[in-house]
Asks: 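Here it is, the structure in full.
Bear in mind the structure is a predicted one, so any value in this text is a computation, not a measurement. Hydrogens, waters and symmetry mates play no part in the numbers below; they use all other heavy atoms, side chains included. Start at 1 with the first residue, then count along the sequence.
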Amino acid sequence: MLEDIKSVLISESELDAKVRELGARISADYAGKDLLVLSVLKGASVFMSDLIRKITIPIQIDFMAASSYGKGTTTTGSVKIIKDLDIDVSGFDILIVEDILDSGVTLSNLIKILASRGPESVSVCALLSKPSRRKVEVPVKYEGFIVPDEFVVGYGLDYAEYYRNLPFIGVLKEEVYSK
């Protein structure tokens, strides 16, 4: 796998420091509230696993899978919910944990869907943001890193379901995904 990586964009130690910072901010902001931390599968699962261990207040978690990418590297523009939530979100403050905010299409649709279900609030925590690719603006309450318009993998992010297990965020060599 390492031979497919052009460069390390965000190291394991940088990720750890950012996750600690975000966990502390979330803990302070949601103290005394009924927080539901929602992972958008599959990519955000690694980030969420680390993040919830840094949150020091009681929380519940759930998972949702939605995609606008299929097997490609660019969004199709239409969102498909693959797995819906297991619990009723009415009355919860929902924090959507996302691996990367790219076009904004998927996340903006998820926010609308969740907001229609009666929560107290819906906010977003995105590990990575790629503003140069934005098609739809999405309000992000907690943002980890702004990244350039490169194809990034690792720490949950994939290409064709591979590379998720890398402990850092790396830039994938173009020849790997342009085959």
Asks: Side chain of Asp93, backbone of Val122: donor and acceptor closer than 3.5 Å?
Replies: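 Between the backbone of Val122 and the side chain of Asp93 there is no qualifying donor-acceptor contact (under 3.5 Å).
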
Asks: Donor-acceptor pair, Arg134 side chain versus Asp102 backbone, under 3.5 Å?
Replies: yes

Asks: Is the shortest side-chain heavy-atom distance between Val138 and Ile111 below 4.5 Å?
Replies: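 Yes, side chains in contact.
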
Asks: Is NZ or CZ of Lys18 both nearer than 6.0 Å to the six-membered ring centre of Phe145 and within 45° of the ring axis?
Replies: yes

Asks: Is any side-chain heavy atom of Pro58 closer than 4.5 Å to one of Tyr30?
Replies: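 Not touching, per the 4.5 Å side-chain cut-off.
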
Asks: Just by modelled atom types, is the Leu9 backbone N or O under 3.5 Å from a matching donor or acceptor in the Ser7 side chain?
Replies: no

Asks: How about Lys54 and Leu22: do any of their side-chain heavy atoms sit closer than 4.5 Å?
Replies: no

Asks: Evaluate the side-chain proximity of Leu114 to Leu85: yes if any heavy-atom separation is below 4.5 Å, no if none is.
Replies: yes

Asks: Just do the salt bridge (Lys or Arg N to Asp or Glu O under 4.0 Å) check on Asp29 and Arg25 with the steps written out, would you?
Replies: CA-CA 6 Å; Asp29 291 350; Arg25 288 179 51 209; 5.3 Å; no

Asks: In chain order, what residues pass the salt bridge (charged side-chain N to carboxylate O under 4.0 Å, His left out) check against Asp88, with sequence neighbours excluded?
Replies: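 Asp88 satisfies salt bridge (charged side-chain N to carboxylate O under 4.0 Å, His left out) with no residue once adjacent residues are dropped.
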
Asks: Distance-only check: which donor-acceptor pairs under 3.5 Å involve side-chain atoms of residues 32-46, not counting sequence neighbours?
Replies:
residue, atom, partner, partner atom, Å
Lys42, NZ, Glu161, OE1, 3.2
Ser45, OG, Lys42, O, 2.8

Asks: So, do Ser129 and Val140 sit near enough that their side-chain heavy atoms are less than 4.5 Å apart?
Replies: no

Asks: How far does OH of Tyr142 sit from CG of Leu127, to the nearest 0.5 angstrom?
Replies: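 One gets 15.0 Å once the value is rounded to the nearest 0.5 Å.
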
Asks: Tell me yes or no: between the side chains of Asp50 and Tyr155, is some donor less than 3.5 Å from an acceptor?
Replies: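 Yes.
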
Asks: Please answer: with hydrophobic residues joined when any side-chain heavy atoms are less than 4.5 Å apart, are Ile10 and Val153 in the same cluster?
Replies: no

Asks: Walk me through it: do Phe92 and Gln60 pass the test side-chain contact (heavy atoms from CB on, under 4.5 Å)?
Replies: CA-CA 9 Å; Phe92 279 96; Gln60 289 192 40; 3.5 Å; yes

Asks: Indicate the atoms forming the closest heavy-atom contact of Cys125 with Phe47, along with that distance.
Replies: SG-CZ, 3.7 Å

Asks: Could you give me the CA-CA distance, side-chain angles and deciding distance for Met64 and Asp84, then say whether side-chain contact (heavy atoms from CB on, under 4.5 Å) is met?
Replies: CA-CA 5 Å; Met64 191 172 208; Asp84 209 337; 3.4 Å; yes

Asks: List the atom of Lys130, the atom of Glu150, and the distance in Å for their closest heavy-atom pair.
Replies: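 Residues Lys130 and Glu150, closest heavy atoms: NZ-O, 2.6 Å.
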
Asks: Going by the side chain to side chain contact (heavy atoms under 4.5 Å, CB included) test, name the single residue among Leu95, Val97, Ile52 that passes it with Ile61.
Replies: Ile52

Asks: Taking all non-hydrogen atoms of both residues, which atom of Glu98 and which atom of Leu107 are closest, and how far apart?
Replies: OE2-CD1, 4.2 Å

Asks: Counting neighbours of CD on Glu174 that are heavy atoms of other residues, nucleotides or ligands and sit closer than 6.0 Å, is the number greater than 12?
Replies: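 No, because the 6.0 Å sphere around CD of Glu174 holds 12 heavy atoms or fewer from other groups.
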
Asks: Are the side chains of Ile5 and Leu166 in contact, using a 4.5 Å heavy-atom criterion?
Replies: yes

Asks: If you define the side chain from C-beta out and look only at heavy atoms, does anything of Val171 sit under 4.5 Å from Val8?
Replies: no

Asks: Taking only residues two or more places apart in sequence, or in another chain, which ones meet Asp4 in a salt bridge (charged side-chain N to carboxylate O under 4.0 Å, His left out)?
Replies: none

Asks: Given 3.5 Å as the limit, does a donor-acceptor pair link the side chain of Ser27 with the main chain of Thr56, or not?
Replies: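 Between the backbone of Thr56 and the side chain of Ser27 there is a qualifying donor-acceptor contact (under 3.5 Å).
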
Asks: Return the minimal non-hydrogen interatomic distance between Val152 and Leu157, and the atom names on each side.
Replies: O-CB, 3.9 Å

Asks: Under 3.5 Å, is there a donor-acceptor pair between the side chain of Asn109 and the main chain of Val105?
Replies: yes

Asks: Could you tell me if the side chain of Asp86 sits less than 4.5 Å from the side chain of Phe63, heavy atoms only?
Replies: no

